[in-house]
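Fair warning: this is a prediction, and the values are worked out from it, not measured in the lab.
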Amino acid sequence: MMIDRRTLLATAAAAGIRPALAQSAVLRVGYVPVIGASALFVLAGNGSAKDAGLDLKLSKFDSGPNAIQAFASGTIDILVIGVAPVAVARSRGLAASVIAAGAVGGTAFLAGPTLAKAFSDNGNDPAKAFAAFRSAAGRKAKLGTLPPGGVPTVALHHWLWKVGHVDRADVEIVNMGIEVVQQAMLTGAIDGGTLLEPSATLVPERDLRIKRIVNSPDMFPNIPGVVAAASGELQKTRPDVADRFVALFQRATELVRSDPKKAAPFVLAALGGDLVSETTIANALVSPAVSFVNDPAKIRQATEALLAYQVELGDFQKAPPLDGLFDQAAYERGIRTPLGR
């Protein structure tokens with residue numbers, strides 16, 4: 001009788017045996033360095049991937065298009081990134097599917113001193129606050145956010161026009177890079193902006209006059225942040241490796257949720273450099289701007305709403321279909337996979 005690879009792994013793990021074939025499976029993982037990818041940073045940094053027989057080769061990408069290009073070229077097995085780029089790439093022929101969610105949200109809108117006062121004086125009503133700012137300053141409020149298509153940008157537009165019913169004559173939106181938004185807030189070059197965590201936590205620590213006004217889950221309900229997508233080739237030829245990754249990803253997510261202080265050093269190594277403290281990272285991990293979820297079913301409805309709104313914004317002409325985007329069976333199989341510990 002033939003025994004497949006996954007059955008062999010599960011049987012061996014149940015018996016406490018680590019078979020040789022599980023010792024050094026190379027897994028090429030690409031990621032965009034954002035707080036929603038924290039589970040990846042934990043499992044890569046705490047040794048759990050190695051213990052589970054995965055040899056992770058990580059590649060950092062500073063933009064979604066570059067990451068998707070590498071994914072499509074076959075040089076990446078798993079990509080940890082926002083769901084929209086994966087959905088769009090799938091609609092254009094990319095063989096890939098989401099095997100786990102990573103986070104909901106991840107950003108917040110912050111206001112500089114003058115705009116923050118306008119919000120405070122007007123009961124945090126966006127329409128009234130921006131109108132008051134324009135009246136007092138004699139100009140539109142200048143807001144910084146990421147380029148079109150980014151989750152922070154979609155959240156900002158939705159909050160301004162759909163939630164807050166802000167008069168478009170009261171604001172000017174400027175698209176810029178992640179780090180540029182942070183610096184622009186600190187230097188006063190913009191009046192407000194959408195910042196990713198941990199910057200949304202760090203910036204008010206640096207300048208107490210800068211205030212957090214609203215978090216992305218309240219700007220766009222349950223807005224999907226990061227997902228883990230597997231290539232069709234990985235799922236076809238090495239599904240057991242994808243399963244182990246899902247199991248590790250879930251275990252790491254549980255650590256992020258239950259013990260952010262323990263997870264913080266691994267996230268700091270990926271995101272913070274020398275400018276951010278472990279305490280800031282730990283605070284960012286429990287920020288109301290982000291929540292860590294793994295079940296793709298929990299973000300499916302919000303993803304559909306997100307893609308539909310991006311059509312309205314002109315990010316693409318037609319919403320990519322959700323059929324086949326989420327591989328729920330792969331997720332369910334993965335979370336049941338033993339890791340041999």
Side-chain angles (χ1 to χ4, degrees), residues 33-36 105-220 223 225 271-273 275-277 279-281 283-290 313:
V34 294
I35 198 79
T107 67
F109 179 81
L110 276 65
T114 304
L115 183 57
K117 185 177 186 304
F119 269 91
S120 177
D121 291 345
N122 289 276
N124 287 325
D125 182 301
K128 292 180 179 179
F130 284 112
F133 177 93
R134 186 180 185 188
S135 177
R139 61 175 177 84
K140 301 178 180 181
K142 188 175 183 179
L143 311 181
T145 191
L146 273 61
V151 168
T153 305
V154 176
L156 176 63
H157 281 280
H158 190 270
W159 176 62
L160 290 173
W161 321 132
K162 298 292 187 180
V163 178
H165 304 291
V166 173
D167 189 331
R168 292 176 185 266
D170 291 336
V171 300
E172 174 190 0
I173 298 176
V174 181
N175 300 116
M176 52 185 68
I178 295 174
E179 293 182 1
V180 179
V181 177
Q182 175 179 314
Q183 292 304 313
M185 282 296 305
L186 288 170
T187 61
I190 55 177
D191 303 301
T194 50
L195 276 73
L196 281 75
E197 291 289 5
S199 292
T201 295
L202 174 66
V203 167
E205 290 178 349
R206 296 276 180 86
D207 187 339
L208 298 179
R209 300 173 303 162
I210 297 174
K211 304 298 182 182
R212 184 188 297 249
I213 301 299
V214 63
N215 297 295
S216 52
D218 296 316
M219 299 167 78
F220 192 120
I223 189 167
L271 299 182
L275 302 178
V276 185
S277 69
T279 299
T280 297
I281 293 293
N283 289 338
L285 291 174
V286 296
S287 161
V290 62
L313 290 177

Nearest non-hydrogen partners of [X] and [Y], listed with the distance:
X: Arg212; Y: Ala108; result: NH1-CB, 3.6 Å
X: Thr153; Y: Pro148; result: CG2-CA, 4.3 Å
X: Val214; Y: Met219; result: CG1-CG, 3.6 Å
X: Glu197; Y: Ala289; result: OE2-CB, 3.9 Å
X: Ala141; Y: Phe130; result: CB-CD2, 3.8 Å
X: Gly164; Y: Ala127; result: O-CB, 3.4 Å

Is the shortest side-chain heavy-atom distance between [X] and [Y] below 4.5 Å?
X: Gln182; Y: Leu186; value: yes
X: Leu115; Y: Phe109; value: yes
X: His157; Y: Ile173; value: yes
X: Leu196; Y: Ile35; value: no
X: Phe133; Y: Arg139; value: yes
X: Leu202; Y: Glu205; value: yes
X: Ser216; Y: Val151; value: no
X: Thr145; Y: Val181; value: no

Donor-acceptor pair, Asn175 side chain versus Leu146 backbone, under 3.5 Å? yes
Could you tell me whether a side-chain N or O of Asn215 sits under 3.5 Å from a main-chain N or O of Pro217, the two making a donor and an acceptor?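 No; zero donor-acceptor contacts below 3.5 Å.
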Euclidean distance, Met185 CE relative to Ile210 CD1, rounded to 0.5 Å: 4.5 Å
Distance check, rounded to the nearest 0.5 Å: Arg209 atom CZ versus Lys117 atom NZ?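 If I round to the nearest 0.5 Å, the distance is 14.5 Å.
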Report the C-alpha distance between Leu110 and Val203 in whole Å, list the side-chain angles of each, state the deciding distance to 0.1 Å, and finish with yes or no for side chain to side chain contact (heavy atoms under 4.5 Å, CB included). CA-CA 9 Å; Leu110 276 65; Val203 167; 4.2 Å; yes
The side chain to side chain donor-acceptor pair (under 3.5 Å) partners of Arg134 (sequence neighbours excluded) come to none
Where do Ile281 and Val276 land on the side chain to side chain contact (heavy atoms under 4.5 Å, CB included) test, with the steps shown first? CA-CA 7 Å; Ile281 293 293; Val276 185; 3.9 Å; yes
Is the ring pair Phe119/Trp159 parallel, tilted or perpendicular, if the boundaries are 30 and 60 degrees? parallel
Students often mix this up, so state it plainly: with edges at 30° and 60°, are the rings of Phe220 and His158 parallel, tilted or perpendicular?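 The arrangement is tilted - the two ring planes meet at 30° to 60°.
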For side-chain hydrogen bond (donor to acceptor under 3.5 Å, both in side chains), just list the numbers for Thr201 and Thr280, CA-CA rounded to whole Å, side-chain angles, deciding distance to a tenth of an Å, and then say yes or no. CA-CA 7 Å; Thr201 295; Thr280 297; over 6 Å; no
